[in-house]
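Here the structure is a predicted model, which means the values were calculated and not measured. Chain A is the first sequence line, chain B the second, and so forth, proteins listed ahead of strands; every chain is numbered from 1. We use all heavy atoms of the structure for the numbers below, so side chains are in, but hydrogens, waters and symmetry mates are not.
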Amino acid sequence: MSVVIYNTLSRQKETFEPLSPNQVKMYCCGVTVYDYCHLGHARSYIVWDTVRRYLTWRGYNVRYVQNFTDIDDKILTRARKEKSSMEAVAKKYTAAYLEDMARLNVLEADEYTYATHTIDGIKRLIHELEQKGYAYPAEGDVYYSVRKFEGYGKLSGRKLEDMRAGESGRTETQQTQIKQDPFDFALWKSAKLDEPAWESPWGPGRPGWHIECSAMVRDRLGDTIDIHMGGADLQFPHHENEIAQSEAVTGAPLSTYWMHNGMVNVEGTKMSKSLGNFTTIRNLLDAPDGPNPMAIRMFVMQSQYRMPLDFTESAIAAAKKGWATLNDGLNFGQQYGKNLGWKLNETDLELEAAAVQQFQASMDDDFNTPGAVAVLFGLAKELQRQSNLIVHQGSPDADLWTLQQHWRTLVQLAGVLGLEAQNQEESATDSDSTNGISDAEIEKLVEARSLAKQSKNYAESDRIRDDLKAQGITLIDKPGGVTVWHR
RNA sequence: GGCGGCAUGGCCAAGUGGUAAGGCAGAGGAUUGCAAAUCCUUUACCCCCAGUUCGAAUCUGGGUGCCGCCUCCA
């Protein structure tokens with residue numbers, strides 16, 4: 001069995017075969033750093049993080065490179081607005097990106113690249129394109145002559161004659177007049193007054209958007225990589241243009257597989273900065289009753305990465321609840337393992353084969369995370385049941401070995417999806433120290449409540465229970481008038 | 001106008017030829033003084049029409065609706 005990937009290039013699922021056995025070179029189109037990231041970005045990078053984690057778990061040696069676009073009109077506009085510099089704005093939002101992603105448990109790339117650090121490679125590439133007749137200078141700009149590249153449109157499946165230039169209403173009129181063809185795009189833009197600029201054979205200026213990715217991939221990973229990924233909205237023109245640039249120069253395919261994630265929608269339409277219908281990651285997480293970052297991962301994992309994903313209050317609420325169940329399961333070992341006599345560091349325990357097999361079958365099929373998450377829930381619900389038995393009856397009804405295996409399997413597989421529990425012991429200690437109430441005091445209150453119950457003074461007994469609840473202590477009445485509690 | 005995608009229970013969402021995973025919510029029951037938690041049970045003519053097939057949510061054709069892209073985009 002091998003991994004199957006939906007390749008945008010062929011519009012079908014293909015068996016994954018890396019160029020060199022067990023080596024995977026991945027390049028992910030990163031963000032333009034002019035603002036905080038929103039949920040659309042969160043989805044995208046959580047998805048690619050998961051692909052990377054899964055391939056790694058499957059035994060591939062993955063090299064993951066991602067860029068930051070730190071030269072761009074939007075950054076400049078932002079810098080003017082904030083009376084700052086392009087560099088400062090880019091720095092600020094690059095840092096913010098890294099913070100947000102760390103919270104979402106997105107692993108750092110093996111290498112991050114920056115447009116500003118790739119100027120030489122960019123200039124080299126443009127020069128080669130010029131020599132090979134694919135690029136032409138015009139009034140200090142340099143443009144790519146799209147009609148010279150035979151395969152233009154092969155990724156997005158479109159023909160130049162079918163497209164309406166300027167359909168989206170965003171064409172820059174100035175450029176339109178300079179370009180030989182409306183579909184030609186800028187490789188190099190001449191600098192206007194008080195704009196950051198780099199020296200070049202075509203005069204001072206800065207690179208166009210698409211060229212940086214071509215240059216970075218070539219510099220860091222080589223002429224052909226295994227997987228190139230990004231948002232579905234990058235398919236055209238960005239990735240199409242990358243292909244045109246890279247392949248015209250190298251004569252080799254830029255990437256064997258192209259993967260695109262579906263958009264995050266708000267009330268049926270795409271979340272985007274220009275529409276203003278976005279929620280930033282930090283706003284969502286930092287809201288008073290905001291979700292745990294892992295709940296966001298759950299939210300993303302519960303739909304297939306190529307499908308649109310609707311962001312709604314109720315979807316987040318459902319993900320929060322779902323995460324709570326999973327989190328309980330993940331904490332089972334910390335909570336009960338010691339009492340059950342587990343050795344927690346025992347790692348040579350075999351995982352539960354059926355669950356692993358089902359998980360892998362789902363994930364192998366173009367990263368079917370909803371199927372994989374269902375496996376996680378199967379394990380978590382069983383642990384939840386056992387946990388309830390322990391609390392109410394004092395012991396589980398499964399043998400300890402099986403329980404430990406369940407738990408280890410859950411932790412391991414959830415980890416492959418980047419779903420990790422908070423360290424419960426830590427938070428428990430936290431609440432011990434910050435929460436003034438001691439065990440003895442709780443016992444006293446529980447005792448008082450039992451007496452109140454016996455005399456049928458339920459108002460009093462409920463008051464005590466509510467008070468304790470407010471302090472994070474849950475009471476459980478068991479048959480026979482016994483009450484147990486836990487924080 | 002062109003290209004692509006999607007339509008599955010109250011909401012979300014897997015399933016791509018053998019008669020519907022999972023999550024959230026709901027209902028009934030067990031338990032409880034009432035709760036909480038948990039357990040058990042339970043809710044689907046798979047957008048419409050036609051076709052292929054012994055058999056289709058799944059394939060084919062035709063509708064209808066929604067979404068994305070056509071040089072800001074994750």
Side-chain angles (χ1 to χ4, degrees), chain A residues 8 11 28-32 34 37-48 72-74 146 153 156-172 175-176 179 182-186 208-210 229-238 240-241 260-265 268-275 298-299 301-304 306-310 312 314-315 317-323 325-326 358 362 365 368-378 381 384-389 391-392 453 456 458 461-462 465-466 469 474-479 486:
Chain A
T8 307
R11 306 204 169 277
C28 178
C29 282
V31 282
T32 302
Y34 73 98
C37 287
H38 57 61
L39 269 174
H41 302 107
R43 181 193 199 182
S44 193
Y45 299 112
I46 286 172
V47 162
W48 305 131
D72 181 86
D73 284 344
K74 288 204 173 65
V146 157
S156 52
R158 54 190 82 205
K159 301 186 182 96
L160 286 171
E161 52 270 27
D162 289 340
M163 290 193 289
R164 291 186 185 181
E167 177 67 22
S168 66
R170 276 183 247 109
T171 357
E172 292 172 49
Q175 279 196 358
T176 312
K179 289 194 272 191
F183 292 108
D184 290 351
F185 57 90
W209 174 36
H210 314 292
M229 58 250 186
D233 51 358
L234 297 184
Q235 216 175 94
F236 188 90
H238 185 56
E240 200 69 69
N241 290 351
H260 293 95
N261 67 275
M263 299 292 100
V264 170
N265 289 170
T269 37
K270 179 182 158 185
M271 177 180 285
S272 76
K273 288 183 188 170
S274 48
L275 288 175
M298 278 284 302
F299 168 62
M301 293 294 153
Q302 284 197 283
S303 73
Q304 215 276 344
R306 283 186 281 118
M307 300 289 117
L309 175 59
D310 221 35
T312 59
S314 63
K320 277 162 88 170
K321 301 270 290 194
W323 168 244
T325 298
L326 231 41
Q358 208 188 327
S362 288
D365 182 14
N368 185 347
T369 51
V373 168
V375 175
L376 264 39
F377 271 107
K381 292 254 165 166
Q384 195 170 46
R385 215 190 108 243
Q386 297 294 340
S387 151
N388 191 249
L389 287 173
V391 170
H392 283 88
K453 272 176 66 177
K456 303 219 188 291
Y458 296 124
S461 68
D462 287 354
R465 183 171 63 194
D466 290 347
K469 181 91 192 165
T474 306
L475 301 188
I476 299 156
D477 292 335
K478 300 207 299 183
H486 65 83

Could you list the protein-to-nucleotides 11-14 of chain B atom pairs, N/O on both sides, closer than 3.5 Å?
from   : atom 1 : to     : atom 2 : distance (Å)
B:rA14 : OP1    : A:Q304 : N      : 2.8
B:rA14 : O3'    : A:N368 : ND2    : 2.9
B:rA14 : O2'    : A:N368 : ND2    : 3.4

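- Between B:rU38, B:rG4, B:rC67, one nucleotide has an atom nearer to the side chain of A:R385 than all others, and that is B:rU38.
- Candidate nucleotides B:rG2, B:rA37, B:rA74 were compared by shortest atom distance to the side chain of A:N388, and B:rA37 ranks first.
- Stretches of at least 3 consecutive Watson-Crick or G-U wobble pairs, with each checked distance under 3.5 Å, appear in RNA chain B as B:1-7 with B:64-70, B:10-12 with B:22-24, B:26-30 with B:38-42, B:47-51 with B:59-63.
- Distance CG (A:D162) to P (B:rG2): 8 Å, rounded to an integer number of Å.
- Taking A:R306 as the reference, A:D366 meet the salt bridge (Lys or Arg N to Asp or Glu O under 4.0 Å) condition, with sequence neighbours excluded.
- With hydrogens and angles ignored, the 3.5 Å screen pairs a side-chain donor or acceptor of A:H41 with a backbone N or O of A:H38.
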- Test A:T325 against A:K321 for side-chain contact (heavy atoms from CB on, under 4.5 Å), laying out the working first. CA-CA 7 Å; A:T325 298; A:K321 301 270 290 194; over 6 Å; no
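- In this pair, A:W209 and A:H238 present their aromatic rings parallel. The plane angle is below 30°, not in the 30 to 60° band.
- The aromatic ring of A:Y458 stacks onto the base of B:rG33, its centre lying under 5.5 Å from the centre of the six-membered base ring with the two planes under 30° apart.
- Across all strands, A:G30 comes closer than 4.0 Å only to sugar-phosphate atoms, never to a base (heavy-atom distances).
- Between the side chain of A:N265 and the main chain of A:L309, no donor-acceptor pair closer than 3.5 Å is present.
- You won't find any donor-acceptor pair under 3.5 Å spanning the side chain of A:R465 and the base of B:rA36, going by distance alone.
- Under a 3.5 Å cut-off, the side chain of A:T369 and the backbone N or O of A:A372 do not form any donor-acceptor pair.
- For A:K320 against B:rC24, no side-chain N or O and base N or O form a donor-acceptor pair under 3.5 Å.
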